[in-house]
S.K.: 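Encoded as structure tokens, here's the structure I'll be asking about.
Every heavy atom of this structure was used, including side-chain atoms; hydrogens, water molecules and symmetry mates were not.
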Amino acid sequence: MAKHGGWAGKVLRVDLSTGKISTENTIEKYKDFIGGTGIGYKVIWDEVPSATKPFSPENKIIFGTGPLAGTGAPCNGKTAITTLWPTCWPKPLVASGHMGGHFAAELKYAGYDAIIIEGKSEHPVWLSIEDARVELNDARRLWGLGIRRTTYEINLQMGHEASVAAIGQAGENLVPMSVIINSVSHSAGGGAVMGSKNLKAIGVRGTGSVYISGKKEEWEKAIKFHLSLLGANNQHVVPSSPQPWAEYYSPGSRWISSKGRNWEASRPPIETGSCDPHNLNRIAYRSNNAVFFLGNDAWKYTVRGNGCTGCPIRCHTILRVPSVYSKYAIPEIGQNTCGGLNFGRAFFKTFPDGPKSQTSIEACMVGMHFADDLGIWNNYGLLQRDFQKLYYDGILKTKIDEKEYKSYSWDKFEKGDPGFLFELLPRIARKDGELATALGMGTGYMLERWGISEEDWKKDPALQYWKMGHPRHHSNEDSGQIGVIINTQYNRDAQCHSHTNFIRNGLPIEVQKRLASELWGSPDAVDATLAYTPMNIYKAKMAKWSLLRKELHDALALCNWMGPISASPLKERGYRGDDSIESLLYTLATGDKKSCQELDHVAERILLLHRAITIRDMGTKEMRTMHDTIPDWVFEDIKDKSPFSKGTNRMDKEDMRIAMDMYYEEMGWDKKTGAPTLETYRKFDLGDVAEKLKQKGLLP
Amino acid sequence: MIMNLNFSRRQFLKVSGLAIAGISALSSLGVTYGMAEVIIITEQAEGLVIGDPTKCVGCRRCELACTEFNDGKASSTISRIKINRNLQLGYLGLYTGKCDEGKWGIGLIIQDICKQCPHPVPCADACPNDAIVIKPPINARVVDSDKCTGCKMCQRSCPWDMISFDSDTNKATKCFLCDGKPKCVEACPAEALKYVRWRDLSRSVPTRISPTSVISQEKIQACMGCHK
Ligand code: SF4
Ligand code: SF4
Ligand code: SF4
């Protein structure tokens, strides 16, 4: 077999029950699925029978990188973690999390494209991977430690260069709302699945290389071209304020660098400056997600940006907030992005000094300190929204006994005192008490435990609850029907950013429409935000494209938070991005020539397999009614504005029915059931998958 | 200024502005030296890459540019600029109990870069095969891979641990300043690297290791020639 670049070439398989460690040939076994979620879904389909429970030894957890991980392709730090998702309600189904950081690159340099973990160890172990030397080590002395201490201990043994992905106490205690974290702040769900296998951590150190098949000069050219098209975080391509070089600006953009805006906590401070897009040596200054989410005060505390291997964007921000050391005796340094930054703050309704205040930033610091050490997941913010609703609607008081109720300082909570988090978060990780246990189960199981109807949650727009225990993730608020379609497709919150990265890129709607017609065949594929028009076929095409590119990125190990490159900040290109950048990089890195259509074909195979596993494990083909559901609040408006009127995200039920029809049609799925047809499976070489489904009566 | 000094009387070759090719050219011109002819670098480099740790965002794009664009493969181990080893736990790190830098510390990431040492050049002097030579016009200290036998003596000699070893080629590799157009500097998205006129950093930067290489008798003799 011809040697490919890009891939490391081997997949590592570790059976914790027997201690057997073996390898498989990536190309022979998984090339048709590229990597990442592709390998993950393939293993779950082939090897994990339906009705398997997430915490049973028969469940597997797959750490998948892809051919671009560890290379210089911009934004390639992701490891897709695929397993049966323990917070998926009422029945755990397959899902993936996306862990950034430095784990993926190190795994590739060690010679592996993925790790399949199976079985269950008798006692706590941790896995060390040093190139070809792979060992299971006793972790009894690490059990009970937080992620930070665990990482230190493993680095002591493996050296400074090792990347360590570990679980904290939450994962150990089988709290479904738990994560795996590497490099301080890069997390993905599945912590409790690792915990259930008695696997505390994976340390990886690789001294090898990822080979580039193409000529190095061509690779260099391709990389520079890709870099030239990058915007700020989420591929926002215009600045948030007027800049000398910029034709447009948009206050909602994450491109927030400017003259006079400094990383103040750096010694000496560093000005972010105007950041002309042609200056590729200033890409790292464009974004500051701490400021974007926490407000301008965060400049004061910004040390610098941080993030994954090979990514110039730096969506994580390192903050130094000295007051938290004196007030709470926690480290004054913290770092994360988006949900992680907001973890602590989002529990509180108010703060004594206002919503984007000093206290709110302190709450963020306390939240990060606990969440990223105990390893707690926030379910894209639903944990915090649930908590507020339970408290302020008086539900909570009726569900826990008085003694437990009194053990929490509710006055602190109401006042917005970050000290409250010291009471709550460690208890979630320990399953200490009814409240903490219920919160740690995830929304669906918590509601079930407390006898609350899911419908109540679906009705409340403030919760943004979507279905199956998870919230919306860039739904109607981000591109009308397209976002809604995308949010119906997964078994957790949809992790798709292809559509929002385009819609929120900051370009005026006329320019977006021009680009949309080039990408999806008509300007009508996109609407201005809060001014939606009825469904049309081009929106269905864009929805499909968005999902395929998400799966493609997850398989290649590109970051879907930064792609696809559907627009660029370059005026001279008419703000065009490049839809074929994935194919350019994939072809040069691997030597396997594939056009963007061919790669989309693979992505569709991966998405289809996800669908097949979901159908198999739900035991029904009635996906349209039982899986692809839309919560009521999508069809409502607080001010009762009618659908398609200006200023509302409200969708129309009949129009969404048409939208789903069009989407199924685009996908080659049966409109009535929403299940893929035999022909469609065959078209993507999944005939054997279809056969198995057919035997169970799960084909339309 | 380029000085060509013939120290053959002292069984000593002082390589000044000579190119690697130049050395063999000289030999082919029939210039002969004694058995113990050795290369001692006395010329200074023209340029140097320096890093500003306050600006480094730890993206490792420099490591990737160094290896992909020069070697056609991505690897932090053979990268001639070193980020990964200081990235998580800092320069002094765990073993000293001082992991207060890096991602897990205050966030400061120190870029380790070859200092293009002035004479005496530790890595070059330690090489038993005279495989570390200067390459004009920049005079970077470079590994002549034809001569390198992969003995790793240079790795043990650099006080800053800046010699990389490529296990694919079984050769040492070190920063050659990309012949005056450093790829790492060009790749840095945070302007945290600069290519500057050479100055001596070898006395201002704390060392990482205590060199344990042995310098050959011939080279010691050659040193004695000047430093009587
Ligand atoms: S490798 Fe080390 S000894 Fe050699 S020139 Fe560079 S810093 Fe000096
Ligand atoms: S100057 Fe060139 S060889 Fe030296 S570290 Fe930078 S990229 Fe590598
Ligand atoms: S490219 Fe620049 S910012 Fe990135 S690791 Fe290297 S020196 Fe640091």
S.K.: Quick check on the interface: out of Val184(A), Val164(A), Ile270(A), who has the most heavy-atom pairs with chain B under 4.5 Å?
M.R.: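 Going by pairs under 4.5 Å, I would pick Val184(A).
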
S.K.: Between Glu68(B) and Lys221(A), is there a salt bridge with N-O shorter than 4.0 Å?
M.R.: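 Judged by the 4.0 Å cut-off on N to carboxylate O distance, Lys221(A) and Glu68(B) do not form a salt bridge.
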
S.K.: Cys308(A), Ser183(A), Gly307(A), Gly305(A): which one forms the most heavy-atom pairs within less than 4.5 Å of chain B?
M.R.: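 When all of Cys308(A), Ser183(A), Gly307(A), Gly305(A) are compared, Ser183(A) has the most.
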
S.K.: At their closest point, which heavy atom of Ala74(B) faces which heavy atom of Thr71(A), and how far apart are they?
M.R.: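 Scanning both residues, the minimum pair turns out to be CB-CA, 3.9 Å.
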
S.K.: Which answer fits Lys224(A), side chain, backbone, both or neither, if we ask what part of it has an atom under 4.5 Å from a heavy atom of chain B?
M.R.: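 Lys224(A) touches chain B through side-chain heavy atoms alone.
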
S.K.: For the residue pair Leu94(B) and Asn155(A), what are the closest heavy atoms and their distance?
M.R.: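 Smallest interatomic distance, heavy atoms only, reads CD1-CB, 3.5 Å.
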
S.K.: Hey, could you give me the NZ/OH distance between Lys55(B) and Tyr285(A), rounded to the nearest 0.5 Å?
M.R.: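 Result: 5.0 Å between the selected atoms.
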
S.K.: Identify which part of Glu63(B) has an atom lying under 4.5 Å from any heavy atom of chain A, answering side chain, backbone, both or neither.
M.R.: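 Nothing of Glu63(B), per the 4.5 Å heavy-atom cut-off to chain A.
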
S.K.: Flag the pair Ile106(B) / Arg320(A) as yes when at least one side-chain heavy-atom distance between them is below 4.5 Å, and no otherwise.
M.R.: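 The answer is yes; the side chains approach within 4.5 Å.
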
S.K.: Please round to the nearest 0.5 Å and tell me the distance separating atom CG of Asp166(B) and atom OG1 of Thr207(A).
M.R.: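 Reported value, rounded in 0.5 Å steps: 10.0 Å.
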
S.K.: Measure distances from Pro74(A) to the heavy atoms of chain B and classify the residue's part below 4.5 Å as side chain, backbone, both or neither.
M.R.: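 Both backbone and side chain.
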
S.K.: Does any backbone or side-chain atom of Ala73(A) lie under 4.5 Å from a heavy atom of chain B? Answer side chain, backbone, both or neither.
M.R.: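 Only the backbone of Ala73(A) comes within 4.5 Å of chain B.
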
S.K.: By a 4.5 Å heavy-atom criterion (distance strictly below it), what part of Thr309(A) contacts chain B: side chain, backbone, both, or neither?
M.R.: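 Both parts, heavy atoms under 4.5 Å.
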
S.K.: Under 4.5 Å from any heavy atom of chain B, what part of Gln335(A) do you find: side chain, backbone, both or neither?
M.R.: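 Answer is side chain: those atoms of Gln335(A) sit under 4.5 Å from chain B.
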
S.K.: So, for Gly93(B) and His160(A), which heavy atoms are closest and what is the spacing to 0.1 Å?
M.R.: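 Residues Gly93(B) and His160(A), closest heavy atoms: CA-CE1, 3.3 Å.
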
S.K.: Which one wins on heavy-atom pair count under 4.5 Å against chain B: Ala162(A), Ser163(A), Pro312(A), Pro268(A)?
M.R.: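 Of the candidates given, the most pairs with chain B belong to Pro312(A).
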
S.K.: Does the side chain of Glu106(A) come within less than 4.5 Å of Asn84(B)'s, by heavy atoms?
M.R.: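 Yes, at least one pair of side-chain atoms sits under 4.5 Å.
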
S.K.: I'd like to know if the side chain of Tyr211(A) pairs up with that of Asp71(B) as donor and acceptor (distance under 3.5 Å, no hydrogens or angles considered).
M.R.: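 No - no donor-acceptor pair under 3.5 Å links their side chains.
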
S.K.: Give, as side chain, backbone, both or neither, the part of Ile223(A) having an atom under 4.5 angstrom from any heavy atom of chain B.
M.R.: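 For Ile223(A), the contact with chain B is made by the side chain alone.
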
S.K.: Describe, in one word, how the ring planes of Tyr152(A) and Trp104(B) are oriented to each other, choosing from parallel (under 30°), tilted (30 to 60°) and perpendicular (over 60°).
M.R.: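 Tyr152(A) vs Trp104(B) ring planes: perpendicular.
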
S.K.: Are any side-chain N or O atoms of Arg61(B) and backbone N or O atoms of Cys311(A), one a donor and one an acceptor, separated by less than 3.5 Å?
M.R.: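 Not confirmed, Arg61(B) side chain does not pair with Cys311(A) backbone.
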
S.K.: In terms of heavy-atom proximity below 4.5 Å to chain A, should Leu87(B) be classed as side chain, backbone, both, or neither?
M.R.: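 Leu87(B) touches chain A through side-chain heavy atoms alone.
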
S.K.: For each of Ile212(A), Ile313(A), Leu227(A), tally heavy-atom pairs with chain B at distances under 4.5 Å, and name the one with the top tally.
M.R.: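 Top count of heavy-atom pairs under 4.5 Å with chain B: Ile212(A).
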
S.K.: Under 4.5 Å from any heavy atom of chain A, what part of Lys183(B) do you find: side chain, backbone, both or neither?
M.R.: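 Contact with chain A involves the side chain of Lys183(B) alone.
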
S.K.: Quick one: which residues of residues 273-282 of chain A reach chain B at under 4.5 angstrom, heavy atoms only?
M.R.: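 At a heavy-atom separation under 4.5 Å, chain B is reached by Asn279(A), Leu280(A), Asn281(A), Arg282(A).
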
S.K.: Is there side-chain contact between Gln88(B) and Thr151(A), with at least one heavy-atom pair below 4.5 Å?
M.R.: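 No; the side chains remain at least 4.5 Å from each other.
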
S.K.: To the nearest 0.5 Å, what is the distance between CG (Leu108(B)) and CD1 (Ile333(A))?
M.R.: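 It is 10.0 Å, given to the nearest 0.5 Å.
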
S.K.: Please find the pair of heavy atoms, one from His102(A) and one from Lys103(B), that lie closest to each other, and give the distance.
M.R.: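 Looking at all heavy atoms of both residues, the shortest contact is NE2-CE, 3.3 Å.
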
S.K.: If we only count heavy atoms from C-beta on, is the Lys73(B) to Lys216(A) side-chain gap below 4.5 Å?
M.R.: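 No, too far: nothing below the 4.5 Å cut-off.
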
S.K.: So do the side chains of Ser209(A) and Asp168(B) get within less than 4.5 Å of each other, counting heavy atoms only?
M.R.: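 Yes; the side chains approach each other to less than 4.5 Å.
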
S.K.: When you compare the side chain of Thr77(B) with that of Arg205(A), does any pair of heavy atoms fall below 4.5 Å?
M.R.: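 In contact.
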
S.K.: Among the options Asn306(A), Ile283(A), Val303(A), pick out the one with the most heavy-atom pairs lying under 4.5 Å from chain B.
M.R.: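 Sorted descending by pairs with chain B, the first entry is Asn306(A).
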
S.K.: With distance as the sole criterion, is a donor-acceptor pair present between the side chains of Glu161(A) and Ser76(B) under 3.5 Å?
M.R.: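 No, because no side-chain N or O of Glu161(A) sits under 3.5 Å from a partner of the opposite role on Ser76(B).
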
S.K.: Under 4.5 Å, counting heavy-atom pairs only, tell me which of Ala192(B), Cys62(B), Ser75(B) racks up the most with chain A.
M.R.: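 The residue among Ala192(B), Cys62(B), Ser75(B) with the greatest pair count is Ser75(B).
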
S.K.: Kindly give the heavy-atom pair with the smallest separation between Leu156(A) and Tyr95(B), and that separation in Å.
M.R.: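 Scanning both residues, the minimum pair turns out to be O-OH, 3.0 Å.
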
S.K.: Would you say CZ of Arg208(B) has more than 12 non-hydrogen atoms from neighbouring residues, nucleotides or ligands within 6.0 angstrom?
M.R.: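 Yes, enclosed.
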
S.K.: Is there side-chain contact between Phe69(B) and Glu217(A), with at least one heavy-atom pair below 4.5 Å?
M.R.: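 They are not in side-chain contact.
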
S.K.: Could you pull out the closest heavy-atom pair between Arg267(A) and Thr54(B), with the gap in Å?
M.R.: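 Heavy atoms only, the tightest pair is O-CG2, 3.3 Å.
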
S.K.: Could you tell me which portion of Cys99(B) (side chain, backbone, both or neither) has an atom closer than 4.5 angstrom to a non-hydrogen atom of chain A?
M.R.: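 For Cys99(B), backbone and side chain are both near chain A.
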
